[in-house]
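The structure under discussion appears below in the form of structure tokens.
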Amino acid sequence: MTNNEIVMQGSPSLENGFYINTSGESAHEKNYALKTAGFWVRFWAFLLDGFIISAVGGILVNPIFYLMDWSLSDSVWYAPISIITAIFYYSYFVLMTKFFGQTLGKMVFGLRVISLKHDQLTWSDVLFRDWIGRIINNIFMPLYILVVILPENQGLHDYFADTTVVHEKIFIEKASTTPTTLPKQEEHIEITVQEEKIDLAKLEEKNEQ
């Protein structure tokens with residue numbers, strides 16, 4: 001965060017993305033952007049999602065396996081419990097992110113997934129992020145640390161989908177260096193030129209007479 005950035009909480013007064021100081025003093029346009037979420041807050045949200053998935057999976061899946069007398073202890077990837085758990089795990093992230101923009105863990109911590117190239121998250125964004133990208137991250141767990149390194153606090157799965165995670169109610173205020181009085185100055189110059197043209201036309205009429 002630079003000296004021109006101010007972190008503020010809550011919704012700023014926005015009009016077309018800018019806040020204009022309406023006082024008589026010289027003002028600057030201020031552009032607000034949602035603050036990206038860092039590694040630790042995303043880690044705690046992910047951890048909470050893990051607990052939710054384990055709890056719900058245990059309630060819904062385990063009784064079926066007990067009734068069917070299927071093993072719950074097989075750890076190979078092709079075991080029924082491994083396949084069903086993986087389907088439930090990735091479906092949770094894909095569907096919650098697509099329809100709500102956030103998982104339950106992100107809701108608790110006030111986080112939201114946004115696209116850096118679209119107004120709304122598309123299916124391709126979500127599938128690249130929470131299916132393909134998350135599979136790679138889960139195979140190579142240290143890759144999650146890229147949230148600290150990549151621009152906009154992106155994880156590898158965010159980088160694939162061109163998305164990031166932001167705080168819903170925390171904004172970064174970036175003040176531009178162009179004063180809002182410039183358009184008024186240009187308008188004043190234009191009016192002055194028009195007045196000079198009118199005076200010149202009147203002078204020519206007098207000379208012709």
Side-chain angles (χ1 to χ4, degrees), residues 1-20 28-50 52-53 86-178 180 183:
M1 187 172 64
T2 65
N3 292 332
N4 290 331
E5 296 180 352
I6 301 173
V7 176
M8 64 179 296
Q9 193 154 359
S11 299
S13 298
L14 294 174
E15 183 176 355
N16 298 327
F18 293 96
Y19 169 82
I20 307 299
H28 294 271
E29 292 185 353
K30 297 176 182 178
N31 184 19
Y32 292 94
L34 287 166
K35 185 178 184 297
T36 56
F39 173 80
W40 285 110
V41 67
R42 292 178 63 170
F43 171 78
W44 293 119
F46 177 72
L47 201 62
L48 181 56
D49 283 324
I52 293 171
I53 291 170
I87 292 172
F88 182 71
Y89 175 88
Y90 292 108
S91 297
Y92 168 81
F93 283 103
V94 168
L95 296 177
M96 290 293 293
T97 302
K98 178 63 181 75
F99 292 109
F100 300 99
Q102 53 192 167
T103 59
L104 294 175
K106 289 184 176 68
M107 290 180 187
V108 170
F109 287 91
L111 307 179
R112 178 175 294 275
V113 180
I114 63 169
S115 173
L116 298 177
K117 59 183 178 181
H118 304 128
D119 292 335
Q120 300 289 334
L121 290 169
T122 65
W123 277 109
S124 62
D125 293 336
V126 175
L127 289 174
F128 271 104
R129 182 185 191 275
D130 286 308
W131 181 33
I132 299 173
R134 198 171 288 277
I135 287 175
I136 296 172
N137 274 342
N138 288 340
I139 294 173
F140 305 101
M141 294 294 287
L143 290 176
Y144 277 110
I145 201 65
L146 290 177
V147 172
V148 181
I149 302 170
L150 291 178
E152 304 293 340
N153 292 119
Q154 291 177 297
L156 184 65
H157 53 313
D158 288 310
Y159 185 78
F160 284 156
D162 206 6
T163 60
T164 191
V165 178
V166 297
H167 294 271
E168 288 188 290
K169 296 182 179 180
I170 301 179
F171 294 81
I172 299 264
E173 178 185 299
K174 300 179 181 178
S176 68
T177 56
T178 305
T180 58

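Nothing here was measured: the structure is a model prediction, and the numbers come from that model.
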Can you confirm whether [X] sits close enough to [Y] that some side-chain heavy atom of one is under 4.5 Å from a side-chain heavy atom of the other?
X      : Y      : result
Ile114 : Thr163 : no
Leu111 : Val41  : yes
Leu34  : Ile170 : no
Asn138 : Ile136 : no
Phe171 : Lys35  : no
Met96  : Met107 : yes
Trp131 : Val126 : no
Leu121 : Val113 : yes

Suppose we screen for ring-ring contact (aromatic ring centres under 6.0 Å, His included). Which residues come up paired with [X], at least two apart in sequence or across chains?
X     : result
Phe93 : Tyr89
Tyr92 : none
Phe88 : none

Partners passing salt bridge (charged side-chain N to carboxylate O under 4.0 Å, His left out) against Asp158 (at least two apart in sequence or in another chain):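 Partners of Asp158 by the salt bridge (charged side-chain N to carboxylate O under 4.0 Å, His left out) criterion, ordered by chain and then number, come out as Arg42, Arg129.
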query: Can you name the nearest heavy-atom pair linking Ala161 to Phe128, along with the distance?
result: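 Closest approach of Ala161 to Phe128, heavy atoms only: CB-CB, 4.1 Å.
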Rounded to the nearest 0.5 Å, what's the gap from [atom1] on [X] to [atom2] on [Y]? Could you check?
X      : Y      : atom1 : atom2 : answer
Glu152 : Asp162 : CD    : CG    : 9.5 Å
Phe160 : Gln154 : CZ    : CD    : 11.5 Å
Leu143 : Ile149 : CG    : CD1   : 10.0 Å

message: Would you say the ring centers of Trp40 and Phe46 fall short of 6.0 Å from each other?
response: no
- prompt: Would Leu146 and Phe39 count as a side chain to side chain contact (heavy atoms under 4.5 Å, CB included) if you check the C-alpha gap in whole Å, the side-chain angles of each, and the deciding distance to 0.1 Å?
  reply: CA-CA 9 Å; Leu146 290 177; Phe39 173 80; over 6 Å; no
query: Hey, is CZ on Phe109 packed in by over 12 heavy atoms from elsewhere, all under 6.0 Å?
result: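 Enclosed: over 12 neighbouring heavy atoms sit under 6.0 Å from CZ of Phe109.
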- prompt: After noting the C-alpha distance and the side-chain angles of Tyr144 and Leu156, does the key distance pass the side chain to side chain contact (heavy atoms under 4.5 Å, CB included) rule?
  reply: CA-CA 7 Å; Tyr144 277 110; Leu156 184 65; over 6 Å; no
task: I would like to know whether Thr36 and Val165 meet side chain to side chain contact (heavy atoms under 4.5 Å, CB included); could you show each step before the answer?
output: CA-CA 6 Å; Thr36 56; Val165 178; over 6 Å; no
field: Pairs involving residues 104-113, ordered by first then second residue, that meet side-chain hydrogen bond (donor to acceptor under 3.5 Å, both in side chains) (sequence neighbours left out)
entry: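 Matches after skipping sequence neighbours: Gln102-Arg112, Arg112-Glu168.
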- request: Could you walk me through whether Val147 and Phe43 pass side chain to side chain contact (heavy atoms under 4.5 Å, CB included), step by step?
  value: CA-CA 10 Å; Val147 172; Phe43 171 78; over 6 Å; no
- prompt: Is it true that a side-chain atom of Asn153 and a backbone atom of Gly38 form a donor plus acceptor pair closer than 3.5 Å?
  reply: no
message: Could you check whether any side-chain N or O of Asp49 sits under 3.5 Å from a backbone N or O of Gly105, counting only pairs where one atom can act as donor and the other as acceptor?
response: yes
message: Just to verify, what does Thr122 make a side chain to side chain donor-acceptor pair (under 3.5 Å) with, not counting sequence neighbours?
response: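 Thr122 satisfies side chain to side chain donor-acceptor pair (under 3.5 Å) with Ser124, Asp125 once adjacent residues are dropped.
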